[in-house]
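One structure is given below, encoded as structure tokens.
As a basis for the values below, the full set of heavy atoms in this structure was taken, side chains included, without hydrogen atoms, waters or symmetry mates.
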Amino acid sequence: MENPEVLTDLDVAARQQRAATTAKSVMKKLPEVTLAFWIMKIAATTLGETAGDLFAQTLKLGYFLTTIALFLLFVVTLVVQLRSRRYNPFFYWTVILSTSMAGTTMSDFMNRDASAKYLSGGSTSLGWGPQGLGLGYPTGAAILISVLVVIFAVWKLTGMTFVIRDIVSFRGEALFWSAILVSNTLGTSMGDFLSDSSGLGYAGGAALVTGVLMVLVALMRVPAVPNVLLFWIAFVLTRPLGATAGDFLTKPVAKGGLDLGTAGSSAVLLAVLIGLTGYAHIQERRNPAPSTALPPETGECDDATERAD
């Protein structure tokens with residue numbers, strides 16, 4: 001015979017479980033961190049530097065207008081990414097690229113001014129609006145570091161993971177992209193400081209950042225050092241690597257660059273990034289990212305009740 005008391009307990013438990021969670025799995029929307037990931041990150045950040053300079057300097061739109069336009073582009077690409085139901089390489093890397101481009105002009109607007117040091121070719125202005133805040137690289141970097149620390153502090157208080165392959169919630173992804181935008185802006189400031197103010201030049205700055213990244217790779221084998229911490233340090237440092245590499249490609253030979261121009265360099269880098277993203281898309285379709293299962297579905301609870309009967 002059926003035991004009404006047992007059935008009631010199971011029914012209450014099932015209802016509580018249904019109220020606490022949904023019956024669907026959550027698809028992962030961020031990529032696995034592999035060597036290909038870092039190659040694409042460096043390509044995207046280098047393109048972000050050359051493309052940002054193309055709009056602000058070569059086309060003379062100025063830092064102010066270009067920053068507004070690229071930030072709006074970032075918002076549009078971010079909305080597409082957030083509304084996506086699963087990981088799409090084209091959506092993800094488009095947001096990375098938009099944060100790199102916006103970060104380039106945001107950093108330039110914060111740190112630079114209308115002095116001859118930043119306006120070459122006898123120019124007295126650069127686009128409409130203010131030429132820049134003129135805070136300087138140390139002050140600009142200090143502000144951005146403070147903002148990034150606040151984002152990570154809020155992230156920590158939420159209790160959500162910092163491991164990007166395990167980020168599956170809307171709030172976690174929003175925090176992730178906030179950190180990406182600020183870190184790419186900070187990385188631009190660091191790269192420009194190394195290239196323009198440190199005396200290392202473009203090649204020397206790139207070599208220094210590459211050396212630090214190699215140290216981080218070696219530290220991955222040290223159990224006492226969290227890999228999540230190394231990931232975020234590397235993520236920030238690949239941006240100045242892209243900034244110095246981009247400047248090395250585009251700046252005049254007299255300043256230590258290759259003088260390939262912002263348009264030509266951006267076109268080549270865009271082709272490389274599209275090719276890599278296309279390959280990643282093919283690989284994703286062949287080996288789709290697994291979903292993260294939430295607690296059992298309603299049907300599973302009912303099955304458990306039936307088995308108890």
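Heavy-atom minimum distance, G103 versus T185: CA-OG1, 3.3 Å. For S189 against Y137, the heavy-atom pair with the smallest separation is O-CD2, 3.9 Å. Scanning both residues, T99 and I180, for their nearest heavy atoms gives OG1-CG2, 3.7 Å. Between V236 and S183, the closest heavy-atom pair is CG2-CB, 3.7 Å. For the residue pair G242 and T45, the shortest heavy atom distance occurs at CA-OG1, 3.8 Å. Considering all non-hydrogen atoms of both residues, L70 and M101 come closest at CD1-O, 3.5 Å.
Taking CE of M110 as the reference point, atom CG of L135 lies at 5.5 Å (rounded to 0.5 Å). Expressed to the nearest 0.5 Å, how far CZ of F248 lies from CG of L260 amounts to 8.5 Å. Here the NZ atom belonging to K41 is positioned 9.0 Å from the CG atom belonging to L241, to the nearest 0.5 angstrom. Summarising the geometry, atom CZ belonging to F235 is positioned 6.0 Å from atom CG belonging to N184; distances are rounded to the nearest 0.5 Å. With values rounded to the nearest 0.5 angstrom, L61 atom CG is found 8.0 Å from F55 atom CZ. Expressed to the nearest 0.5 Å, how far CG of D108 lies from OG1 of T66 amounts to 9.5 Å.
In the model, S107 has no side-chain atom that pairs as donor or acceptor with a side-chain atom of T188 under 3.5 Å. N88 and S84 share no donor-acceptor pair across their side chains, judged by distance under 3.5 Å alone. A donor and an acceptor atom, one from each side chain of R239 and T104, are located under 3.5 Å apart. In the model, S98 has a side-chain atom that pairs as donor or acceptor with a side-chain atom of T77 under 3.5 Å.
Between W93 and M40 the shortest side-chain heavy-atom distance falls below 4.5 Å. Side-chain contact between D259 and T250: absent, with no pair of heavy atoms (C-beta onward) separated by less than 4.5 Å. You'll find the side chain of F71 reaches within 4.5 Å of the side chain of L181, heavy atoms only. Within the 4.5 Å cutoff, the side chain of D192 has heavy atoms near those of the E49 side chain. Residues M160 and I167 fail the side-chain proximity criterion, which asks for heavy atoms closer than 4.5 Å. Residues W38 and V33 form a side-chain contact, since some pair of their non-hydrogen atoms from C-beta on lies under 4.5 Å apart.
Using bins of under 30°, 30° to 60° and over 60° for the plane-to-plane angle, the ring pair W177/Y92 lands in the tilted bin.
Hydrophobic cluster membership differs between F90 and V80, with clusters built from Ile, Leu, Val, Met, Phe, Trp and Tyr side chains linked at under 4.5 angstrom.
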Audit row: L258, Y202, side-chain contact (heavy atoms from CB on, under 4.5 Å) steps and yes/no: CA-CA 10 Å; L258 296 179; Y202 307 125; over 6 Å; no
side-chain contact (heavy atoms from CB on, under 4.5 Å) between Y63 and Q57, worked out: CA-CA 8 Å; Y63 302 129; Q57 299 176 23; 3.4 Å; yes
Stepwise side-chain contact (heavy atoms from CB on, under 4.5 Å) check, I145 with V182: CA-CA 8 Å; I145 289 173; V182 176; over 6 Å; no
Apply side-chain contact (heavy atoms from CB on, under 4.5 Å) to K251 and D53, showing your working. CA-CA 10 Å; K251 299 303 181 183; D53 288 346; 4.2 Å; yes
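Heavy atoms from other residues, nucleotides or ligands lying under 6.0 Å from CZ of F176 number more than 12.
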Quick one: side chains of residues 203-230, donor-acceptor pairs under 3.5 Å with protein atoms, not counting sequence neighbours, listed by atom name and distance.
residue: T210; atom: OG1; partner: A206; partner atom: O; Å: 2.8

Could you list the donor-acceptor pairs under 3.5 angstrom formed by side chains in residues 264-281, with sequence neighbours left out?
residue: S265; atom: OG; partner: G261; partner atom: O; Å: 2.8
residue: S266; atom: OG; partner: T50; partner atom: OG1; Å: 3.0
residue: S266; atom: OG; partner: A51; partner atom: N; Å: 3.4
residue: S266; atom: OG; partner: T262; partner atom: O; Å: 2.6
residue: T277; atom: OG1; partner: L273; partner atom: O; Å: 2.7

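F162 has its ring centre less than 6.0 Å from the ring centre of W155.
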